[in-house]
Amino acid sequence: VLEKAADGFRHCFHELGKCTGLTRLLSMPRISTGYWRMRGLAAPIRMMCSYAGVECEDIKYDMQRTDKGKWKAPEWDRGHKPDLRRRNPFVELPYVVNHRTGEVVTLSN
């Protein structure tokens with residue numbers, strides 16, 4: 001009985017492997033997370049990726065104080081934000097990019 005059940009499972013997985021759309025859905029995504037160089041709001045995302053064993057690129061942005069006492073982040077403002085904004089007009093930090101689908105998910109208040 002167990003051999004027949006094992007053969008049945010092998011057959012099902014073999015047939016599932018032929019369906020490229022389903023195989024794509026079942027494969028692990030490759031994602032990127034972006035946030036300031038601190039724990040903050042992106043820490044839970046990083047922990048979930050680690051726990052799930054998902055490949056995750058962790059992008060951290062540095063802040064610099066200006067002469068007028070304000071903060072700026074040139075790598076974020078002029079580097080990654082314009083590209084991500086084309087995919088999600090509401091993009092802010094933290095964000096998650098699913099490289100398989102191109103989706104950009106961001107914090108919203």
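These figures come from a predicted structure and were not determined experimentally.
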Student: Tell me the closest heavy-atom pair linking D62 and R37, and the distance in Å.
Tutor: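 Distance-wise, the nearest heavy atoms are OD1-NE, 2.7 Å.
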Student: For R87, what residues pass the side chain to side chain contact (heavy atoms under 4.5 Å, CB included) criterion, not counting sequence neighbours?
Tutor: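 Listed in chain order: D83, L84, V97, V104.
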Student: Taking the side chain as every heavy atom from C-beta outward, state whether I31 and C49 have any pair of such atoms under 4.5 Å apart.
Tutor: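 Sidechains of C49 and I31: in contact.
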Student: Which residue pairs pass the salt bridge (Lys or Arg N to Asp or Glu O under 4.0 Å) test with at least one member in residues 43-52, sequence neighbours excluded?
Tutor: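 Every pair satisfying salt bridge (Lys or Arg N to Asp or Glu O under 4.0 Å) with a residue in residues 43-52: R46-D58.
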Student: Working to the nearest 0.5 Å, report the span between CG of D67 and CZ of R65.
Tutor: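 It comes to 11.0 Å.
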Student: Kindly compute the distance separating CE (M38) from CG (L41), expressed to the nearest 0.5 Å.
Tutor: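 M38 atom CE to L41 atom CG measures 9.0 Å (nearest 0.5 Å).
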Student: As an exercise, state the distance from SG of C56 to CE of M48, rounded to the nearest 0.5 Å.
Tutor: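 The CE atom of M48 is 10.5 Å from SG of C56, to the nearest 0.5 Å.
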Student: Can you sort out the partners of E92 under salt bridge (Lys or Arg N to Asp or Glu O under 4.0 Å), two or more places apart, ordered by chain and number?
Tutor: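 Result, salt bridge (Lys or Arg N to Asp or Glu O under 4.0 Å) vs E92: K81, R85.
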Student: What residue pairs, at least two apart or across chains, pass side chain to side chain donor-acceptor pair (under 3.5 Å) with a residue in residues 70-80?
Tutor: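 Only Y61-H80 qualify under side chain to side chain donor-acceptor pair (under 3.5 Å).
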Student: Any link between L107 and W36 through a network of hydrophobic side chains (Ile, Leu, Val, Met, Phe, Trp, Tyr) touching at under 4.5 Å?
Tutor: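 Linked, L107 and W36 end up in one cluster.
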Student: Are the side chains of T33 and I59 in contact, using a 4.5 Å heavy-atom criterion?
Tutor: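 The answer is no; the side chains never approach within 4.5 Å.
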Student: For the residue pair A42 and Y35, what are the closest heavy atoms and their distance?
Tutor: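 Minimum heavy-atom contact is CB-CB, 3.4 Å.
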